[in-house]
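Here is the structure we will look at, set down as structure tokens.
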Number of protein chains: 2
Amino acid sequence: MNQAQVFKALGDPARLTMISRLTTAEPQTIGELSADLGMSRQGARKQLKVLESAQLIQLRQKGRQTEVSLAVDQLQQARRFIERLEQQWDQRLHALKTLVEGHQPDD
Amino acid sequence: MNQAQVFKALGDPARLTMISRLTTAEPQTIGELSADLGMSRQGARKQLKVLESAQLIQLRQKGRQTEVSLAVDQLQQARRFIERLEQQWDQRLHALKTLVEGHQPDD
DNA sequence: GCTTTATGCAACTTTTAGGTTGCATATTAT
DNA sequence: ATAATATGCAACCTAAAAGTTGCATAAAGC
């Protein structure tokens, strides 16, 4: 799984709305999730496919309807990715600070 | 600042590379950051503009060159956004679990 | 069996993104 | 002064994304 792809999938208001809805109630059917997004059912369906390819959701056939559930793992990985960036960034700052202090022993 | 816009900005390999580079060395000039991305300087410049509109980086003119630095705040907000989603999700699971246990007092 | 519901898929249009080339310009170095 | 460097901006091209409409179909309800 490509990290950029996951962020890209999250980078759309409609898709972010659907993800957010899934955190509060789950599973939901494709029909439920596709309502009130200001677009056609088929339009929403396309966005769900994007989320599915990014492995942010899972689909499961249930009779004539399809249940959608959140794949929290992928969300977690996205968060951790950002976390690592933040860590790298401030590790560098600390290293820099130590270096500077080393050159000025009397603080 | 729009949350989807930030994720969208992160949702491209070249842009993610630039952000990542900035966590390890900063500030860098536009020229430095634009090298080795497999695209022209002007192409890279466009991507930097995307990152700037998403407020993930800041530009600062310095003579004939421009320094680019990371705006960690925005990264932090993105991470927190995902964190909140994860929290909502597992708060719901706990609520559900409690509810179920309430109905089956003898576990 | 007939109808309604919940979907799927393909073709098409329009908008946005990603990237290029070409040229202009201000700053620094010689 | 001239040349080299570090940029900027606009026009253009191509490809991908976002969304639509129209039609097909399997499952459920009556």
Side-chain angles (χ1 to χ4, degrees), chain A residues 1-22 25-70 74 78, chain B residues 1-22 25-70 74 78:
Chain A
M1 179 48 34
N2 179 318
Q3 197 55 57
Q5 198 192 344
V6 176
F7 287 127
K8 192 172 190 170
L10 294 173
D12 173 271
R15 291 193 295 256
L16 215 43
T17 298
M18 294 195 267
I19 290 288
S20 174
R21 283 186 189 172
L22 282 169
E26 200 199 21
Q28 296 185 46
T29 66
I30 289 186
E32 284 162 1
L33 266 180
S34 301
D36 307 315
L37 292 173
M39 73 178 69
S40 68
R41 175 187 63 81
Q42 292 91 332
R45 183 62 179 93
K46 270 188 145 179
Q47 302 311 322
L48 282 172
K49 276 183 182 155
V50 173
L51 292 174
E52 193 191 11
S53 332
Q55 294 174 236
L56 280 160
I57 60 169
Q58 285 155 349
L59 303 184
R60 189 170 158 229
Q61 196 72 22
K62 209 84 190 280
R64 76 174 151 182
Q65 54 195 20
T66 303
E67 281 181 354
V68 183
S69 49
L70 197 62
Q74 197 62 258
Chain B
M1 180 48 36
N2 180 319
Q3 196 55 56
Q5 197 191 343
V6 176
F7 287 127
K8 192 172 192 170
L10 294 174
D12 173 89
R15 291 193 295 256
L16 216 42
T17 298
M18 294 195 267
I19 290 287
S20 175
R21 284 185 187 174
L22 283 169
E26 199 199 22
Q28 296 185 47
T29 66
I30 289 186
E32 284 162 1
L33 265 180
S34 302
D36 308 313
L37 291 172
M39 73 178 70
S40 69
R41 174 186 64 80
Q42 293 91 332
R45 183 62 179 93
K46 269 188 145 179
Q47 302 311 323
L48 282 172
K49 276 182 183 154
V50 173
L51 292 174
E52 193 190 12
S53 331
Q55 294 174 236
L56 280 160
I57 60 170
Q58 286 155 347
L59 302 184
R60 188 170 158 230
Q61 196 71 21
K62 210 85 190 281
R64 75 175 152 182
Q65 53 195 20
T66 304
E67 281 182 355
V68 183
S69 49
L70 197 63
Q74 197 61 259

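Convention: sequence-line order gives letters A, B, ...; per-chain numbering from 1.
Taking the side chain to side chain donor-acceptor pair (under 3.5 Å) definition, one finds that B:Q28 meets it with nothing, sequence neighbours left out. By the side chain to side chain contact (heavy atoms under 4.5 Å, CB included) test, A:Q74 pairs with A:M1, A:V6, A:Q55, A:L56, A:Q77, sequence neighbours left out. With sequence neighbours left out, A:Q42 forms a side chain to side chain contact (heavy atoms under 4.5 Å, CB included) with A:S40. Remark: A:S34 engages no residue in a side chain to side chain donor-acceptor pair (under 3.5 Å) (not counting sequence neighbours). Residues passing the side chain to side chain donor-acceptor pair (under 3.5 Å) test with A:E67, sequence neighbours excluded: none.
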For B:Q3 and A:L16, run side chain to side chain contact (heavy atoms under 4.5 Å, CB included): C-alpha distance rounded to whole Å, both residues' side-chain angles, the deciding distance at 0.1 Å, then the answer. CA-CA 9 Å; B:Q3 196 55 56; A:L16 215 43; 4.3 Å; yes

Side chain to side chain contact (heavy atoms under 4.5 Å, CB included) between A:V68 and A:T29, worked out: CA-CA 6 Å; A:V68 183; A:T29 66; over 6 Å; no

Could you walk me through whether B:T66 and B:R60 satisfy the side chain to side chain contact (heavy atoms under 4.5 Å, CB included) test, starting with their C-alpha distance in whole Å, then the side-chain angles of each, then the deciding distance to 0.1 Å, before giving a yes or no? CA-CA 5 Å; B:T66 304; B:R60 188 170 158 230; 5.8 Å; no

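Taking side-chain N and O atoms only, B:T29 has a distance below 4.0 Å to OP1 or OP2 of D:dT7.
Taking a 4.0 Å limit (strictly below) on heavy-atom distances, residues 4-15 of chain B reaches DNA chain C at B:K8, B:D12, B:R15. Contact check of residues 40-50 of chain A against DNA chain C (heavy atom, cut-off under 4.0 Å) returns A:R41, A:Q42, A:R45, A:K49. If you check residues 31-39 of chain B against DNA chain C, the residues with a heavy atom closer than 4.0 Å are B:M39, listed by number. Residues from residues 51-61 of chain B placing a heavy atom under 4.0 Å of any atom in DNA chain D do not occur.
Residue pairs meeting the salt bridge (Lys or Arg N to Asp or Glu O under 4.0 Å) criterion with at least one member in residues 31-52 of chain B, sequence neighbours excluded, do not occur. Applying the side chain to side chain donor-acceptor pair (under 3.5 Å) rule to pairs touching residues 7-22 of chain A yields A:R15-A:Q47, sequence neighbours excluded.
Taking both residues in full, the closest heavy atoms of A:P13 and B:A4 are given as N-CB, 3.7 Å, listed atom of the first, atom of the second, then distance.
Put simply, CG on B:L10 and CG on A:L10 are 9.5 Å apart, with the number rounded to the nearest 0.5 Å. Atom-to-atom distance recorded for B:L48:CG and B:S53:OG is 10.5 Å, nearest 0.5 angstrom. Distance check, rounded to the nearest 0.5 Å: CG of B:L22 to CG of B:L33 gives 4.5 Å.
For the pair B:E26 (side chain) and B:L70 (backbone), a donor-acceptor distance under 3.5 Å is present.
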Enumerate all atom pairs, one protein N or O and one N or O from nucleotides 25-27 of chain C, separated by less than 3.5 Å.
from   : atom 1 : to    : atom 2 : distance (Å)
C:dT27 : O3'    : B:R64 : N      : 3.4
C:dT27 : O2     : B:R64 : NH1    : 3.4

